[in-house]
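Here the structure comes first, spelled out in structure tokens, and everything after it is commentary.
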Amino acid sequence: MKHAVTYELIKMDKETGARRGRLHTPHGAVETPVFMPVGTAGTVKAVKPESLKEIGAQILLSNTYHLYLRPGHELIREAGGLHRFMNWDRAILTDSGGFQVFSLGDLRKITEEGVRFRSHIDGSGHMLTPERSVEIQQALGSDIMMAFDECAPYPADRHYVRQSLERTTRWLHRCKAAHENPEAQSLFGIMQGGMYRDLRAESAKAIVDLDLPGYAIGGLSVGEPKELMLEVLDGCVALLPTDKPRYLMGVGTPDYLFEGVERGVDMFDCVLPTRIARNGTAMTSGGKVVIRNARYQRDFSPLDPHCDCYTCKNYSRAYLRHLFKANEILSAMLLSEHNLHFLTKMMENIRKAIEEDRFSQYKRDFYNAYGPF
RNA sequence: UCCAAGGUAGCUCAAUGGUGGAGCACUCGGCUGUUAACCGAUAGGUUGUGGGUUCGAGCCCCACCCUUGGAG
């Protein structure tokens, strides 16, 4: 059987676990390692698809739970699928709603069958099951569907995490069984196991046994200290096959991206660049810039002097601060575009550095310029 | 000139005669498979002025100043 999405390993870094690869999808190739901007509700908030293309985004993430509630997956099927509906002809990965099991804590109840949600929009009741999640993602027509999982909270006791990951594994089998056309869309499995090394190993073995076209590491970056996260991540990557893409879910600060790549992760996604943009913060080559701060009131220099994005080419820090303070929508647009450009460009540089066997050097240079994260 | 209603944080306003608060603004912090153009924290006061009553006054009394509306 031919999978919709395949992974081509192009080059391994000589010193670290970093690797340069390529994902082949029904909507074009994706050069890895890659950062995927998040477009939860069928839009990367405040950024036009045209701008995303200019920035160089290769693949977007969208969300099953949110699109199911509004406007409804049947409507999107009727529109010709999510790609057409949102005018994005490059690749799309859809999350399964599994993260909402975690983030909508008070609004859901987990059972073996699935998860009962109360809509955060109108309070109505809904049942999301592995079968239902796959059905919705098939209607959306994403290139990569994620398995319906439970992202366990941190901290969580061993007993809970074990129960949770075993249920997630059973759910993965049901997702695979419900998956109708693996040649049109690929299903990625998600490893869980919290911060417990042996449970991670159990989870990894269970999902790798299904021989899926890609594997994700879930349940990290949920509030645990960075050292712990990296230690767990070390173990996780080692458990995954080298001939399949590895996706670290929910990671998006520059340091975590470098650390992930260094350990052999190929894909990342995160709301952080767009969210902090809307809240008045930018990532720049010189570090984090909280543009809302009074110190930038009369700073007429560009946000990042080393950046060639639309925002940095045309506007000053003083103007960006003014827009934010004045609650102007353009503030969210310009800062979001910049932050996505920044991370996308950073990943581009990382890929190039791996090709030229100077990943570690690039990482050092980047850290030196960026300062504390 | 008279009548009325008012003067409390930068702004708009709360506060039985009993420890003067809120929202917004300001300043700062946080945000990691989006419940998030969000959340949190700090700061900010001779309660228009001067007297009086009272154990105690933003609140009651007197005078004055100022604002708004009305009448002339």
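Order of the sequence lines sets the chain letters (A, B, ...), proteins ahead of strands, with each chain counted from 1.
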>> When you group the ILVMFWY residues by side-chain heavy-atom contacts below 4.5 Å and let the links chain together, are A/Ile350 and A/Leu23 in the same group?
In response: no
Taking the six-membered ring for Trp, are [X] and [Y] ring centroids under 6.0 Å apart?
X	Y	result
A/Phe117	A/His126	no
A/Phe366	A/Phe258	yes
A/Phe268	A/Tyr256	no

Using a heavy-atom cut-off of 4.0 Å across all strands, would you classify [X] as base, sugar-phosphate, or nothing?
X	value
A/Ile121	nothing
A/Gln192	base
A/Lys288	sugar-phosphate
A/Leu107	base
A/Thr281	base
A/Thr274	base
A/Asn63	sugar-phosphate
A/Glu328	nothing
A/Asp269	sugar-phosphate
A/Ala294	sugar-phosphate
A/Gly280	nothing
A/Leu104	base
A/Arg321	sugar-phosphate

How far does the [atom1] atom of [N] sit from the matching atom of [M], given to the nearest Å?
N	M	atom1	value
B/rC66	B/rU27	P	35 Å
B/rA14	B/rU53	C1'	27 Å
B/rG23	B/rA41	P	10 Å
B/rU54	B/rC59	P	16 Å
B/rG6	B/rA15	P	12 Å
B/rC39	B/rU34	C1'	14 Å
B/rU8	B/rU67	C1'	15 Å
B/rC61	B/rC24	C1'	36 Å

> Are A/Tyr65 and A/His120 linked by a side-chain donor-acceptor pair shorter than 3.5 Å?
Replying inline: yes
> Parallel under 30°, tilted from 30 to 60°, perpendicular over 60°: which one fits the rings of A/Tyr370 and A/Phe373?
Replying inline: parallel
> Under a 4.0 Å N-O cut-off, is there an ion pair linking A/Lys48 with A/Glu337?
Replying inline: no
>> For RNA chain B, please output the secondary structure as dot-bracket, reading 5' to 3'. Pairs are Watson-Crick or G-U wobble, both atom distances under 3.5 Å; mark crossing pairs with [ ], other-strand partners with |, unpaired with a dot.
In response: (((((((..((((....[..))))..((((.......))))......(((((..]....)))))))))))).
> Is any side-chain heavy atom of A/Pro153 closer than 4.5 Å to a side-chain heavy atom of A/Tyr160?
Replying inline: yes
>> Show the nearest heavy-atom pair for residues A/Arg263 and A/Arg246, with the distance to one decimal.
In response: O-NH1, 4.5 Å
> Can A/Lys244 and A/Leu212 be said to form a side chain to side chain contact (heavy atoms under 4.5 Å, CB included), step by step?
Replying inline: CA-CA 8 Å; A/Lys244 299 289 173 63; A/Leu212 298 164; 6.0 Å; no
> How would you give the extent of chain A contacts on RNA chain B, as first and last nucleotide 5' to 3' within a 4.0 Å heavy-atom cut-off?
Replying inline: B/rC26 to B/rC38
> With sequence neighbours left out, what residues match A/His338 under side chain to side chain donor-acceptor pair (under 3.5 Å)?
Replying inline: none
> Quick one: on RNA chain B, does A/Asn293 or A/Asp106 contact a more 5' nucleotide (nearest heavy atom)?
Replying inline: A/Asn293
